[in-house]
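Worksheet: the structure to be examined is printed underneath.
Reckoned from all heavy atoms, side chains included, excluding hydrogens, waters and symmetry mates.
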Amino acid sequence: MKDSDVVLRLPQWVDGYVAGAPGPFAGDQGRMEFVVGLAQENVRRRTGGPFGAAVFEAGTGRVMGAGVNLVESLGCSLFHAEMVAIAMAQKAAETYDLSTAGVYELVTSVEPCAMCLGAIGWSGVKRVVCGAPGTAAEAIGFDEGHKPTDWVAGLQRRGIEVVQDVLAEQAVDVLRQYAAAGGLIYNPGSQG
């Protein structure tokens, strides 16, 4: 590996968390509980920001790729939880287009930011399930970027179903805990 290589490496605890979870996960609530738990554990262990996501096989509920926010710990603004989960699922499915490998859904503890919204459309997932609204991340200081007000309709036009506010209060609680603990709000141009 060269110094110029970018390496996506999940914290060691994530594999154990996934293996120890009572999957496969049925329904939106069960899948969101898993994802909010990822975000909570990421905060508790201080391995990244207060966001979790996972890509599931839609029919079976099997986790194809789990992700937590690794922006600060890996020093790369691309490593949002959704981006990490999508990358891990694509690696497991051995394709950059998940729609060619089956029917997959992305479950995310907070609505996608502008960057993740763009990636969702190209990932091949057919469904997105969101916990907390993006305004909750903004309320503690995160910059979610510019998203069209009709972003849900935009995904739906691409054949991607969107479900919002699943266990939203639990997901908002993780954001608040992170802020109360003095977690770094890493925005472009901020000094942390």
Any side-chain donor paired with an acceptor under 3.5 Å for [X] and [Y]?
{"X": "Glu138", "Y": "Thr135", "value": "no"}
{"X": "Ser99", "Y": "Asp97", "value": "yes"}
{"X": "Asn69", "Y": "Tyr186", "value": "yes"}
{"X": "Gln170", "Y": "Gln40", "value": "no"}

Quick one: does [X]'s side chain have a donor or acceptor within less than 3.5 Å of a partner on [Y]'s backbone?
{"X": "Arg62", "Y": "Glu57", "result": "no"}
{"X": "Glu111", "Y": "Pro133", "result": "no"}
{"X": "Ser109", "Y": "Gly52", "result": "yes"}

For the side chain to side chain contact (heavy atoms under 4.5 Å, CB included) test, which of Val166, Asp165, Thr108 pairs with Met32?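 For Met32, the side chain to side chain contact (heavy atoms under 4.5 Å, CB included) test succeeds with only one of Val166, Asp165, Thr108, which is Val166.
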Qualifying salt bridge (charged side-chain N to carboxylate O under 4.0 Å, His left out) pairs with a residue from residues 68-88, counting only residues at least two apart or across chains: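 Not a single pair qualifies under salt bridge (charged side-chain N to carboxylate O under 4.0 Å, His left out).
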Please list all pairs meeting salt bridge (charged side-chain N to carboxylate O under 4.0 Å, His left out) that have one or both residues in residues 117-128, counting only residues at least two apart or in different chains.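 Sorted result for residues 117-128: Asp28-Arg127, Glu105-Arg127, Arg127-Glu161.
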Over 12 foreign heavy atoms within 6.0 Å of CZ, Arg46: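 Result for CZ/Arg46: open.
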Are more than 12 heavy atoms from other residues, nucleotides or ligands located less than 6.0 Å from atom CD of Gln164?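 Enclosed: over 12 neighbouring heavy atoms sit under 6.0 Å from CD of Gln164.
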To the nearest 0.5 Å, what is the distance between CG on Leu8 and SG on Cys76?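 Those atoms lie 9.0 Å apart.
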Got a second to check how far Arg9's CZ is from Leu70's CG, nearest 0.5 Å?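 Nearest 0.5 Å value for the CZ-CG distance: 11.0 Å.
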So, for Tyr104 and Phe56, is the gap between ring centers shorter than 6.0 Å?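 Here the rings of Phe56 and Tyr104 have centres that are no less than 6.0 Å from each other.
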Does the ring centre of Tyr178 sit less than 6.0 Å away from the ring centre of Phe51?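 No, the ring centres sit 6.0 Å or more apart.
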For [X] and [Y], which heavy atoms make the closest approach, and how far apart are they?
{"X": "Val172", "Y": "Ala136", "answer": "CG2-CB, 3.8 Å"}
{"X": "Ala92", "Y": "Met64", "answer": "CB-O, 3.6 Å"}
{"X": "Val18", "Y": "Ala66", "answer": "CG2-CB, 3.8 Å"}
{"X": "Pro11", "Y": "Val68", "answer": "CD-CG2, 4.1 Å"}
{"X": "Leu175", "Y": "Ile140", "answer": "O-CD1, 3.5 Å"}

Evaluation steps, side chain to side chain contact (heavy atoms under 4.5 Å, CB included), between Leu167 and Glu33: CA-CA 8 Å; Leu167 300 181; Glu33 286 173 354; 3.4 Å; yes
Val36 vs Val174 side-chain heavy atoms within contact, under 4.5 Å: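 Yes, side chains in contact.
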